Amino acid sequence: MTVTNGYDAFEGAGDLLRALSAPIRLAIVSELAQGERCVHELVEKLGAPQPLVSQHLRVLRGAGVVRGSRRGREIAYALVDEHVAHIVADAVSHAGEGPS
């Protein structure tokens, strides 16, 4: 791996964190950490409208966080990498700790 300016890894991390910056996206990643889900399953679990869930899945897919695979007439979404699930779980845990 060649580093041109020393910040390449940070730029990639910044892109990832921007993709995760919406609370509903964090919830989607948390759900997908449990396994593959179709949009209707995410809608039911999160209590969010289908167009909103689809829009956020599109952002996560564009960022390379999730992938979709056709399952009959539906698309099943899954995490591309389990590292993202750990990042989200740690962030949620840390936020729940409150101020020190």
Side-chain angles (χ1 to χ4, degrees):
M1 179 170 128
T2 305
V3 177
T4 57
N5 63 13
Y7 290 103
D8 291 348
F10 293 107
E11 287 178 21
D15 291 342
L16 173 62
L17 293 173
R18 274 188 291 285
L20 296 173
S21 67
I24 190 166
R25 289 186 216 136
L26 295 173
I28 289 169
V29 169
S30 291
E31 268 306 301
L32 294 179
Q34 307 306 312
E36 235 179 34
R37 302 281 189 271
C38 292
V39 173
H40 72 87
E41 294 170 313
L42 292 168
V43 165
E44 183 179 312
K45 183 68 177 183
L46 301 175
Q50 183 271 324
L52 183 65
V53 172
S54 293
Q55 176 186 6
H56 286 288
L57 281 167
R58 197 168 22 261
V59 171
L60 291 171
R61 201 169 69 212
V65 174
V66 302
R67 70 181 180 301
S69 58
R70 190 148 294 278
R71 204 165 53 176
R73 293 180 58 204
E74 300 178 317
I75 297 177
Y77 290 91
L79 294 176
V80 170
D81 187 324
E82 293 300 317
H83 287 105
V84 176
H86 295 291
I87 292 167
V88 170
D90 287 346
V92 170
S93 175
H94 179 72
E97 292 174 3
S100 31

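Since this is a predicted model, take the numbers as computed values, not measurements. As a basis for the values below, the full set of heavy atoms in this structure was taken, side chains included, without hydrogen atoms, waters or symmetry mates. Residue numbers run from 1 in the order of the sequence given.
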Value for NZ (K45) from OG (S30), rounded to nearest 0.5 Å, stands at 10.5 Å
Assigning hydrophobic clusters by single linkage (Ile, Leu, Val, Met, Phe, Trp, Tyr; side-chain heavy-atom cutoff under 4.5 Å), is V43 placed with I24?
yes
Is there a chain of hydrophobic side chains (I, L, V, M, F, W, Y, each step under 4.5 Å between heavy atoms) that links V39 to L32?
yes
My understanding is that only residues two or more places apart in sequence, or in another chain, count here; which of them pass side-chain contact (heavy atoms from CB on, under 4.5 Å) with P51?
P49
Among residues at least two apart in sequence or on other chains, which ones pass salt bridge (Lys or Arg N to Asp or Glu O under 4.0 Å) with E44?
none
Does the side chain of I28 come within less than 4.5 Å of V65's, by heavy atoms?
no
Tell me, do L79 and V29 make a side-chain contact under 4.5 Å, heavy atoms counted?
yes
Can you sort out the partners of R67 under side-chain hydrogen bond (donor to acceptor under 3.5 Å, both in side chains), two or more places apart, ordered by chain and number?
none
With no hydrogens and no angle check, is any side-chain donor or acceptor of E74 less than 3.5 Å from a backbone partner on R71?
no
By side-chain hydrogen bond (donor to acceptor under 3.5 Å, both in side chains) - contacts of R58 (at least two apart)
none
For Q55, side-chain hydrogen bond (donor to acceptor under 3.5 Å, both in side chains) partners two or more places apart
none
Can you run down the salt bridge (Lys or Arg N to Asp or Glu O under 4.0 Å) pairs that involve residues 12-27, sequence neighbours left out, and say none if there aren't any?
D15-R18
Do the side chains of L52 and Y77 join up, straight or via other hydrophobic residues, at under 4.5 Å, putting them in one cluster?
yes
Locate the shortest heavy-atom distance separating A27 from L46; write the atom from each residue and the value.
CB-CD2, 3.6 Å
V80: hydrophobic cluster co-members (side-chain, 4.5 Å)
none
Any residue meeting salt bridge (Lys or Arg N to Asp or Glu O under 4.0 Å) with R61, in chain and number order, not counting sequence neighbours:
none
Side chains of residues 82-94: which donor-acceptor partners sit under 3.5 Å, not counting sequence neighbours?
unit_1	atom_1	unit_2	atom_2	d
H83	ND1	D81	OD1	2.6
H83	ND1	D81	OD2	3.3

Among the clusters formed by ILVMFWY side chains lying less than 4.5 Å apart, do V53 and L26 turn up in the same one?
yes
With R37, which residues qualify under salt bridge (Lys or Arg N to Asp or Glu O under 4.0 Å), at least two apart?
E31
Apply side-chain hydrogen bond (donor to acceptor under 3.5 Å, both in side chains) to S54 and list each qualifying residue two or more places apart in sequence or on a separate chain.
Q50
In terms of hydrophobic clustering (I, L, V, M, F, W, Y; side-chain heavy atoms under 4.5 Å; direct or indirect links), are L60 and I75 co-clustered?
yes
Which residues satisfy the salt bridge (Lys or Arg N to Asp or Glu O under 4.0 Å) test with R70, sequence neighbours excluded?
none
